[in-house]
Amino acid sequence: MDEIIKETAQAEIAECDACSIEAKESCVPLEENESPVEPCDCCANEECEAQEEEKPGETVVSVKELFKDYGKLMALNGVDLTLTSGKIVGLLGPNGSGKTTLIKILSGLLTPTYGEAKICGKEIGEETKAVVSYLPERPYFGSWMKVEQCLDFFGDFYADFDRELAEKMLIDLEIDKTKKLRTLSKGTREKVQLILVMSRRAKLYLLDEPIAGVDPAARDYILETIISAYNREATVVISTHLISDIENVLDEYIFIKQGNIVEHGCAKGYEEKNGETLDMHFREVFKYVR
Amino acid sequence: MFGKLFKHDMKSTMRIGLPLLIAALALVIFGIFNSLFASFTQDLSMKMIEWSVDGTINERVAVVLTILVALATMISSFFQSIGTMVLSATYIAMVIINLVRFYKNLITDEGYLMFTLPVRPIEILSSKVVNACIWNFAAYIIAMGGALIQTAPMYIRTAALAIIANKEMGLEVDLWSIIEQVFGVSGINPMLLALMLVLAVAVSLCIVIATPVFMFFTIYLGGVVAKKHKLLAGAGFTILGYEIYSILETIIVFFTITCALLPIFFIEKAPGAEILNYVFVIISIILALSVVVLIAAIAVFFILTKWLMTKKLNLP
């Protein structure tokens with residue numbers, strides 16, 4: 001995982017003004033016309049917070065008092081949430097905590113029972129769907145379709161779809177675009193879907209369990225794809241309960257428990273600051289009592 | 001966006017729909033040849049009677065030929081019956097194909113794709129309805145038209161024989177007199193008959209449109225209401241809705257016809273064409289009302305489905 005981070009960050013790496021060691025791009029508090037000289041990991045967390053205070057990004061997701069019930073089951077229990085642009089956010093929680101429900105509401109697949117959910121200041125609808133790239137936890141293309149037909153489909157409906165990028169990624173992964181989806185393995189179908197979703201220049205990526213059910217090598221590839229392909233101005237929300245696999249790529253984390261957001265914080269340099277990994281903290285927060 | 005949705009819907013239905021229609025067309029062509037063969041066997045049997053009477057063929061040959069002709073006629077009739085049944089089934093199969101496409105595309109996993117597209121629900125629904133109507137209509141035309149066309153050689157042969165017979169007797173043949181002969185009375189109002197036929201076609205068209213609109217509503221309702229076995233729930237709503245419709249239709253049509261035709265029973269002397277024209281008027285009124293009711297039903301079910309898709313969208 002560290003290798004992935006290194007590779008991804010290399011293109012953007014420069015020396016930190018404070019201590020002259022390598023640092024990451026995402027926490028740089030850039031002023032106008034300032035050269036992109038970046039802080040190191042040790043300075044990153046503080047500067048990340050400072051950046052938030054001085055130059056907060058555009059609000060991409062705004063959720064207020066969001067409730068969703070499935071009959072007697074309350075899936076979301078008054079969620080309030082604001083996410084700004086240019087962040088990779090981990091939506092973390094155990095099974096049945098409300099992660100998928102929140103993502104589905106944001107992608108327009110569920111109607112909330114009560115409350116307000118906006119994307120880029122707009123009510124969920126066809127306008128927001130044009131800027132949201134959603135990866136569900138299940139295959140959503142007809143198995144009779146060829147890979148190239150899937151590309152045509154995305155190209156037809158999404159103005160922000162970068163077909164060249166998608167085709168390049170298919171070639172990199174040696175996926176034959178003339179093949180029908182039903183002839184591909186489950187893992188390859190998931191990769192095709194991820195490629196399509198990440199080839200959009202969207203403002204918000206909603207990735208529901210993108211690494212669940214795949215082998216560790218595929219997990220690395222998926223995370224690498226997410227980091228390398230996503231639009232830098234966009235926000236990426238990754239829903240998962242496999243914290244250790246993704247905590248190094250996150251800018252922010254959200255802990256969701258029984259339909260409530262119990263924690264929302266900065267994930268950059270979390271271990272250095274708190275003396276424990278996010279995964280350890282997650283296990284503590286969501287520990288089951290015998 | 002409607003155009004793009006429609007294009008993709010057509011493509012997905014075409015995979016199964018087109019081979020089905022091609023097979024149905026092939027069956028129609030086979031039916032035409034079968035019908036020609038049936039006409040030929042009838043001619044042959046007539047000739048055999050002549051030949052056996054004038055001694056052209058001996059009795060043994062006549063018996064063998066008669067058995068062969070009888071067998072050929074049986075086989076031909078069998079294929080004609082099967083063909084008619086299969087052609088009728090083509091329409092039903094097409095309706096089911098469109099329903100399954102609708103269900104899979106919007107209520108199962110594919111719905112995750114469809115409902116995250118930057119399109120309005122009304123565009124998705126309109127595309128599905130127009131697509132289903134086109135395919136159902138094509139199947140309807142092939143099924144109904146095919147059933148008529150494959151029996152055409154027999155009708156043409158009968159008509160040709162009648163014309164020849166009339167000409168031999170020195171009589172002029174015109175179409176209207178043949179129609180009047182069919183009904184057994186003269187003095188039928190041709191405008192009334194034409195109006196009735198036009199209304200009958202309009203009702204058929206409305207049914208072809210109303211069927212997918214109604215079924216899309218019930219299937220979607222099943223998808224919204226049921227947590228599990230959504231297809232089963234949708235099928236249940238479809239059957240329930242159809243039963244309610246059938247009962248209402250039976251009651252309304254029965255009372256309308258009974259009330260409308262009641263005066264006929266009080267006429268002491270049947271005035272022939274007048275009664276028939278009166279019956280045509282009543283049937284035309286019923287057909288016109290059916291068109292109005294069906295158009296209203298199409299609008300109501302379309303709006304209800306669109307409302308469900310907008311306000312009650314809940315994919316599992």
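All values derive from a computational prediction rather than experimental measurement. Below, chain A is the first sequence line, B the second, and so on; all start at residue 1.
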A/Ser107 side chain near B/Tyr112 side chain, heavy-atom distance below 4.5 Å =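 A/Ser107 vs B/Tyr112: side chains apart.
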
Within a 6.0 Å radius of atom [atom1] on [X], are there more than 12 heavy atoms belonging to other residues, nucleotides or ligands?
X        : atom1 : result
B/Tyr91  : OH    : yes
A/Glu116 : CD    : yes
B/Phe6   : CZ    : yes
B/Lys7   : NZ    : yes
B/Phe2   : CZ    : yes
A/Gln258 : CD    : no

Where do A/Asp156 and B/Lys4 land on the salt bridge (charged side-chain N to carboxylate O under 4.0 Å, His left out) test, with the steps shown first?
-> CA-CA 7 Å; A/Asp156 273 350; B/Lys4 289 172 182 173; 5.4 Å; no

Return the minimal non-hydrogen interatomic distance between [X] and [Y], and the atom names on each side.
X        : Y        : answer
B/Leu117 : A/Lys129 : O-CD, 3.3 Å
B/Leu113 : A/Phe153 : CD2-CE2, 3.6 Å
B/Pro118 : A/Glu126 : CB-O, 3.4 Å

Measure distances from B/Lys311 to the heavy atoms of chain A and classify the residue's part below 4.5 Å as side chain, backbone, both or neither.
->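 Contact with chain A is through the backbone of B/Lys311 alone.
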
Which atoms of B/Thr310 approach chain A - backbone, side chain, both or neither, heavy atom under 4.5 Å = backbone

Please flag which part of A/Tyr70 lies under 4.5 Å from any non-hydrogen atom of chain B: side chain, backbone, both or neither.
->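 Backbone only.
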
So what's closer than 4.5 Å to chain B heavy atoms on A/Phe157: side chain, backbone, both or neither?
->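 Both backbone and side chain of A/Phe157 come within 4.5 Å of chain B.
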
Any chance you could measure B/Thr116, atom OG1, to A/Lys104, atom NZ, to the nearest 0.5 Å?
->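 It is 11.5 Å, given to the nearest 0.5 Å.
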
Ranking A/Gly142, A/Gly125, A/Ser133 by heavy-atom pairs under 4.5 Å to chain B gives rank one to A/Gly142

Begin from the C-alpha positions of A/Leu110 and B/Phe115 and carry the test side chain to side chain contact (heavy atoms under 4.5 Å, CB included) through to its verdict.
-> CA-CA 10 Å; A/Leu110 285 179; B/Phe115 285 112; over 6 Å; no

Residue among B/Arg15, B/Glu110, B/Arg120 with most heavy-atom pairs under 4.5 Å to chain A | B/Arg15

